[in-house]
Amino acid sequence: MKLTTKEIMEIIPHRQPFLLIDTIEELEPGVRAVGKKCVSYNEPYFAGHFPTEPVMPGVLIIEALAQTGAVAILSMPENKGKIAYFGAINSAKFKNKVVPGDVLTLEVEIIRRKGPVGIGKAVAVNQDGKVAALAELTFAVG
């Protein structure tokens with residue numbers, strides 16, 4: 001199942017300038033989601049990070065992954081209208097920088113769930129197949 005930006009905004013509450021995913025390319029509600037983020041030089045954070053060498057902040061890559069995972073969890077009928085909150089960021093690693101012109105593929109697989117709490121295994125990869133970031137993200141649906 002593919003989702004447009006408009007359809008993503010029907011599932012998660014994020015809006016510009018903090019909506020960090022453009023499309024969902026694959027979706028298995030409650031199981032996994034694969035999103036895309038086209039990184040543009042016009043992103044507001046590039047004005048200060050860094051003016052002479054624009055680099056997407058690692059925390060925003062993690063946030064884009066979290067939003068992708070939130071689509072997977074909140075697309076389940078029983079979670080409609082709810083919000084997925086961060087519980088923890090485990091084992092985050094940043095492997096390659098993300099710069100304007102990159103297209104990130106954001107993949108999150110829900111590996112554990114108990115009640116409203118779960119863990120997603122997350123990886124962000126650029127268009128050349130290089131891993132930008134990976135982490136385990138703990139969330140709570142509220």
Exercise for the section: Determine, stepwise, if the pair E109 / V31 fulfils side chain to side chain contact (heavy atoms under 4.5 Å, CB included). Expected result: CA-CA 6 Å; E109 178 186 357; V31 177; 5.5 Å; no
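- Summarising the geometry of T5 relative to L19, their closest heavy-atom pair is CG2-CD2, 3.7 Å, with the distance given to 0.1 Å.
- Cluster annotation: I24 and V123 are assigned to distinct hydrophobic clusters (Ile/Leu/Val/Met/Phe/Trp/Tyr, side-chain heavy-atom contacts under 4.5 Å, transitive).
- Annotation: side chain of V125 is not in contact with side chain of E107 (no heavy-atom distance under 4.5 Å).
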Exercise for the section: List the steps, then state whether side chain to side chain contact (heavy atoms under 4.5 Å, CB included) holds for L20 with H14. Expected result: CA-CA 8 Å; L20 297 174; H14 304 78; over 6 Å; no
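- Scanning all heavy atoms of the two residues, the minimum distance from T68 to G35 falls at CG2-N, 3.8 Å.
- By the rule that hydrophobic residues join a cluster once side-chain heavy atoms approach within less than 4.5 Å of another member, I73 and I62 end up as members of one cluster.
- No continuous path of hydrophobic side-chain contacts links V117 to L74 [ILVMFWY only; heavy atoms under 4.5 Å].
- In this structure, CD1 on I11 lies 11.0 Å from CG on N79, to the nearest 0.5 angstrom.
- Note that CG of L104 and NZ of K130 are 13.5 Å apart. Values are rounded to the nearest 0.5 Å.
- Here the side chains of V99 and M56 are not in contact, with every heavy-atom distance at 4.5 Å or above.
- The structure places NZ of K95 at 14.0 Å from CG of N126, a figure rounded to the nearest 0.5 Å.
- No side-chain heavy atom of V108 sits under 4.5 Å from any side-chain heavy atom of F139.
- Looking at heavy atoms from C-beta onward, I89 lies in side-chain contact with L137 at the 4.5 angstrom threshold.
- When atom types are taken as modelled, the side chain of R112 and the backbone of T138 share no donor-acceptor pair closer than 3.5 angstrom.
- Rounded to the nearest 0.5 angstrom, K37 NZ and I21 CD1 are separated by 9.5 Å.
- Expressed to the nearest 0.5 Å, how far CE of M9 lies from OG1 of T4 amounts to 8.0 Å.
- Between A133 and F94, the shortest heavy-atom distance links the atoms CB-CD2, 3.8 Å.
- For CD of Q16, the number of neighbouring non-hydrogen atoms (other residues, nucleotides, ligands) closer than 6.0 Å is greater than 12.
- The number of heavy-atom neighbours closer than 6.0 Å to CE of M1, taken from other residues, nucleotides and ligands shown, is 12 or below.
- Taking every heavy atom of both residues into account, F46 and P54 meet most closely at CD2-CB, 3.4 Å.
- How far NZ of K36 is from CG of D22: 10.5 Å, rounded to the nearest 0.5 Å.
- Following chains of ILVMFWY side-chain contacts shorter than 4.5 Å, one cannot reach Y85 starting from I12, and the two form parts of different hydrophobic clusters.
- Nearest approach of P100 to S40, heavy atoms of both residues: CB-C, 4.3 Å.
- Comment: K121 does not engage E136 in a salt bridge, judged by the lack of any side-chain N to carboxylate O separation of less than 4.0 angstrom.
- Annotation: side chain of N96 is not in contact with side chain of D128 (no heavy-atom distance under 4.5 Å).
- Transitive grouping of hydrophobic side chains (ILVMFWY, heavy atoms separated by less than 4.5 Å) brings F18 and L65 into a common cluster.
- Between D102 and Q127, the closest heavy-atom pair is OD1-NE2, 3.1 Å.
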